[in-house]
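These values consider heavy atoms only, across backbone and side chains, with no hydrogens, waters or symmetry-generated copies. Each chain gets a letter, A, B and so on, in the order its sequence line appears, and its residues count up from 1. Since the structure is predicted, the reported quantities are computational estimates derived from the model, not experimental observations.
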There are 4 protein chains.
Amino acid sequence: MFNLFSPAMAKKKQPARKAPQQARAQVTVDAILEATVLVLDREGLDAATTTRIAEVAGVSVGSLYQYFAHRDAILTALQEREFEHTMAMMQEVLADGNLGRSPRDIVTAVVRGLAALYARSPGLHRVLTIEGLRVSAAPRVQAFDARVVDIIRHFLAATQAPLRRENVEAAAFVAFQSVRATMLATLLERPAGLSAEDLTQELVDLVLRYLVRDS
Amino acid sequence: MFNLFSPAMAKKKQPARKAPQQARAQVTVDAILEATVLVLDREGLDAATTTRIAEVAGVSVGSLYQYFAHRDAILTALQEREFEHTMAMMQEVLADGNLGRSPRDIVTAVVRGLAALYARSPGLHRVLTIEGLRVSAAPRVQAFDARVVDIIRHFLAATQAPLRRENVEAAAFVAFQSVRATMLATLLERPAGLSAEDLTQELVDLVLRYLVRDS
Amino acid sequence: MFNLFSPAMAKKKQPARKAPQQARAQVTVDAILEATVLVLDREGLDAATTTRIAEVAGVSVGSLYQYFAHRDAILTALQEREFEHTMAMMQEVLADGNLGRSPRDIVTAVVRGLAALYARSPGLHRVLTIEGLRVSAAPRVQAFDARVVDIIRHFLAATQAPLRRENVEAAAFVAFQSVRATMLATLLERPAGLSAEDLTQELVDLVLRYLVRDS
Amino acid sequence: MFNLFSPAMAKKKQPARKAPQQARAQVTVDAILEATVLVLDREGLDAATTTRIAEVAGVSVGSLYQYFAHRDAILTALQEREFEHTMAMMQEVLADGNLGRSPRDIVTAVVRGLAALYARSPGLHRVLTIEGLRVSAAPRVQAFDARVVDIIRHFLAATQAPLRRENVEAAAFVAFQSVRATMLATLLERPAGLSAEDLTQELVDLVLRYLVRDS
DNA sequence: GATGAATGAGAATTCATTCAT
DNA sequence: CATGAATGAATTCTCATTCAT
């Protein structure tokens with residue numbers, strides 16, 4: 001059974017803005033988040049001023065600050081949202097019900113799942129990666145990484161596959177970082193002669209041989 | 001014979017700054033670069049304003065702009081410098097003279113070399129990674145990546161070791177990205193129970209099993 | 001029917017500023033323009049920094065930039081405003097309804113009208129002339145000159161007075177430039193023994209004898 | 001007999017730099033002035049920084065400041081030089097020896113002379129006009145204008161031609177300003193259908209009819 | 001609540017001028 | 001004298017955040 005960890009919500013300075021209680025409020029919050037994704041993806045980080053985001057979201061800056069204490073809070077929210085998407089995907093793939101599947105199938109599913117998340121808006125992930133590298137974001141990123149490692153470790157502990165690693169936690173960490181970074185780099189650089197499918201195969205092989213004996 | 005250096009890219013906007021002609025000038029340029037490293041490492045990217053850098057370097061802002069067309073040019077110079085360090089290290093390790101060594105020794109040397117470079121100033125590499133993720137830096141980063149891939153590919157082509165990969169270029173890319181990203185993440189997160197030596201072993205294993213048969 | 005206004009030119013660089021939507025905004029814009037006139041008139045072009053203008057206008061620099069894309073845009077706006085004043089004056093004097101008046105009356109009215117405009121703030125016109133001499137202002141100035149020439153030409157074509165010139169367009173241009181420049185020079189130099197009224201008489205004579213036979 | 005007026009040299013703040021006594025020094029001063037003309041003409045006022053001027057002149061900024069107390073002194077020197085050129089031209093044309101020529105010939109010669117001076121480097125005159133409109137330049141400009149008016153007045157007093165004006169000083173002033181400004185405007189705007197020769201004819205007519213009876 | 005005008009601290013950059021070599 | 005590296009005051013402009021309407 002998984003332990004579903006703690007939400008890891010990050011506080012900043014100012015008083016946390018009211019959690020949207022009415023439907024209209026939630027709509028506004030979503031509009032702001034979507035607008036931010038749009039702007040980041042199409043116009044880049046520098047263009048993502050609060051004014052521009054509000055404009056694209058179809059609200060006033062004032063309203064924006066009604067729901068987000070400061071500009072950074074928007075990025076943080078977006079980051080958390082992507083974290084949750086990733087977690088959800090991994091939890092689904094690495095669920096106990098899938099313990100019987102072949103290691104290759106499992107790893108392939110994870111890599112494909114991750115690829116799908118990144119492909120949806122590469123520009124956003126570029127920015128979120130930048131954001132995640134800022135010192136201030138470190139705790140949040142670490143908490144997320146820990147959760148991911150936990151899930152992987154849990155699955156590895158339960159699987160029947162013959163594992164090669166001794167330090168399972170380290171292995172989970174290394175595997176995850178490798179897949180994530182290579183995927184992002186590919187998305188951003190599009191190296192010649194490396195299709196999405198090629199990349200998937202390479203990464204699956206990378207991880208599989210690293211983790212599983214006789215693979 | 002290899003090291004097929006690509007043009008190295010450079011130009012940004014308009015004003016190319018004068019290259020230092022007097023000895024005094026070179027001292028100033030170096031002071032600025034060192035100051036920037038210091039500030040980035042200790043105070044982070046946002047603190048690295050031109051004023052602060054000049055202050056720490058012990059020169060005036062004017063001097064700074066005498067040698068760097070704009071703030072970004074300093075970061076770019078730093079990035080290029082690190083690129084060259086990395087290239088130099090890899091060229092040394094992957095030199096033809098080392099073709100006889102065992103694959104494990106070679107990979108270990110590369111991983112250790114990279115680790116040493118990163119460990120010297122993690123904060124700087126954090127920032128340089130951020131910098132490398134900016135859209136404007138893409139061409140420079142790609143050029144560097146291409147050079148690295150070239151060196152690795154060249155070595156793989158010359159080695160006697162039984163390779164497992166078919167797409168050697170893709171493999172070089174994947175291996176390099178994986179090592180680099182994991183290394184950075186470890187430096188920044190310092191995950192519990194993962195010493196520097198542990199990490200090296202994990203990465204060597206990761207790469208070795210991915211690339212070389214019977215390893 | 002005339003006043004064949006030409007497009008009036010506008011755009012400079014990138015960011016078109018928001019047009020004032022609330023009443024409060026219009027007040028601010030006006031305050032900035034008036035402050036600029038004041039500063040130019042009393043302290044000269046060099047003193048007219050954005051900070052100083054904002055200060056005199058009683059607003060923040062931020063507000064200034066909310067409505068003017070850059071410092072030059074303020075001067076341009078002022079220039080256009082003076083252009084419009086001049087046009088309005090000339091259209092009134094050279095209206096079809098005045099075709100019956102004597103040439104001397106008409107010319108006198110134009111010269112007096114121009115004198116009145118210049119006398120209101122000589123320092124401003126000094127600066128606007130400087131501004132008009134900048135290469136970047138050339139298109140705007142030419143467009144204005146063309147409009148003025150058009151009005152004059154149109155009137156000359158309609159008048160009963162016996163004209164002396166063959167190239168009417170050239171004549172309109174020469175006459176206008178002469179009056180304008182002499183007027184400005186007088187305002188700035190105040191040559192001894194040349195009262196405003198004297199000047200008017202001289203200019204009227206200059207233009208009249210140039211343009212009209214038997215005058 | 002003319003009275004050749006006083007030199008009207010303008011002092012600024014700092015100690016006047018040494019007057020070039022050796023040949024080499026004069027060469028340097030000339031090089032700087034020529035470089036300034038070149039830069040102003042080709043690159044405009046904003047590009048005319050002391051560094052750029054020194055560069056084009058082939059000397060160091062340091063040397064530049066050896067001969068000119070401040071940047072403005074260069075422009076002032078250039079202005080004085082043009083003033084002298086203009087004076088020389090007018091003195092030649094309006095010399096007593098030419099008193100016998102027809103008014104039209106005289107005026108034509110002056111207009112042509114002025115045109116030639118302007119045509120040599122329009123960009124320079126654009127800038128010098130701007131410079132002359134600055135408050136600080138007013139005394140110098142007035143002194144020059146007074147000298148010009150004096151020459152013209154002197155000639156008018158001596159000529160046999162039947163003059164139409166009563167206020168001869170005012171007339172000289174008006175005539176000169178008109179010709180000068182129209183000429184500059186034409187050079188800068190190049191209005192369609194107005195050749196250099198056309199312009200000369202128009203201006204000659206303008207002045208002649210204004211000044212001389214039965215012309 | 002929503003709006004968007006106003007704010008102003010702070011950042012980048014320029015360039016006339018100085019002065020050690 | 002010449003050189004050109006160094007200086008730093010001054011200027012423009014941005015953008016997160018606030019608050020009166």
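Note: CD1 (B:Ile53) to P (E:dA12) measures 8 Å, nearest angstrom. Rounded to whole Å, the distance from CD on D:Gln66 to P on E:dA16 is 18 Å. Remark: P of E:dT14 and CZ of C:Arg71 are 17 Å apart, rounded to the nearest angstrom. B:His70 has its NE2 atom 14 Å from the C1' atom of E:dT14, to the nearest Å. The nearest whole Å value for the distance from the CG atom in A:Leu45 to the C1' atom in F:dC15 is 13 Å. Here F:dC15 presents its P atom at 16 Å from CG of C:Leu64, a figure rounded to the nearest Å. The interatomic distance linking B:Glu55 (CD) with E:dA11 (P) rounds to 12 Å, in whole Å. Between the CD1 atom of A:Ile32 and the P atom of E:dT3 there is a distance of 10 Å, given to the nearest Å.
OP1 or OP2 of F:dT17 sits under 4.0 Å from a side-chain N or O of A:Tyr65. At least one side-chain nitrogen or oxygen of C:Tyr67 sits closer than 4.0 Å to the OP1 or OP2 atom of E:dA6. The side chain of B:Ser60 places an N or O atom within less than 4.0 Å of a non-bridging phosphate oxygen (OP1 or OP2) of F:dT7. Taking 4.0 angstrom as the limit, A:Thr50 places a side-chain polar atom (N or O) nearer than this to OP1 or OP2 of F:dA16. Residue D:Ser63 has a polar side-chain atom (N or O) positioned under 4.0 Å from OP1 or OP2 of F:dT3.
Along DNA chain E, the nucleotide nearest to B:Val61 and the one nearest to C:Val61 differ in position, and the one closer to the 5' end is contacted by C:Val61. Nearest-nucleotide positions on DNA chain E for C:Thr28 and B:Asp46 put C:Thr28 closer to the 5' end. When each of C:Thr51 and A:Ala48 is assigned the nucleotide of DNA chain F bearing its nearest heavy atom, the one mapping closer to the 5' terminus is C:Thr51.
For A:Val59, whose side chain is taken as the heavy atoms from C-beta onward, the closest listed nucleotide among E:dT3, F:dA16, E:dA2 is E:dT3.
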Quiz item: Dot-bracket for DNA chain F: what is it, with Watson-Crick or G-U pairs under 3.5 Å, [ ] where a pair crosses earlier ones, and | for a pair to another strand?
Solution: .||||||||||||||||||||
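Between the CG atom of C:Leu33 and the CZ atom of C:Phe68 there is a distance of 4.0 Å, given to the nearest 0.5 Å. With values rounded to the nearest 0.5 angstrom, A:His70 atom NE2 is found 7.5 Å from A:Thr76 atom OG1. Taking CD from A:Glu131 and NE2 from A:His125, the interatomic distance works out to 13.5 Å, rounded to the nearest 0.5 Å. One finds the CD1 atom of A:Ile53 at 6.5 Å from the CG atom of A:Leu40 (value rounded to the nearest 0.5 Å). Atom CG in A:Leu64 sits 7.0 Å away from atom OG1 in A:Thr36 (nearest 0.5 Å).
No donor-acceptor distance shorter than 3.5 angstrom exists from the side chain of A:Arg71 to the backbone of A:Thr49, with no hydrogens or angles considered.
Remark: C:Arg81 engages C:Glu34 in a salt bridge (Lys or Arg N to Asp or Glu O under 4.0 Å) (not counting sequence neighbours).
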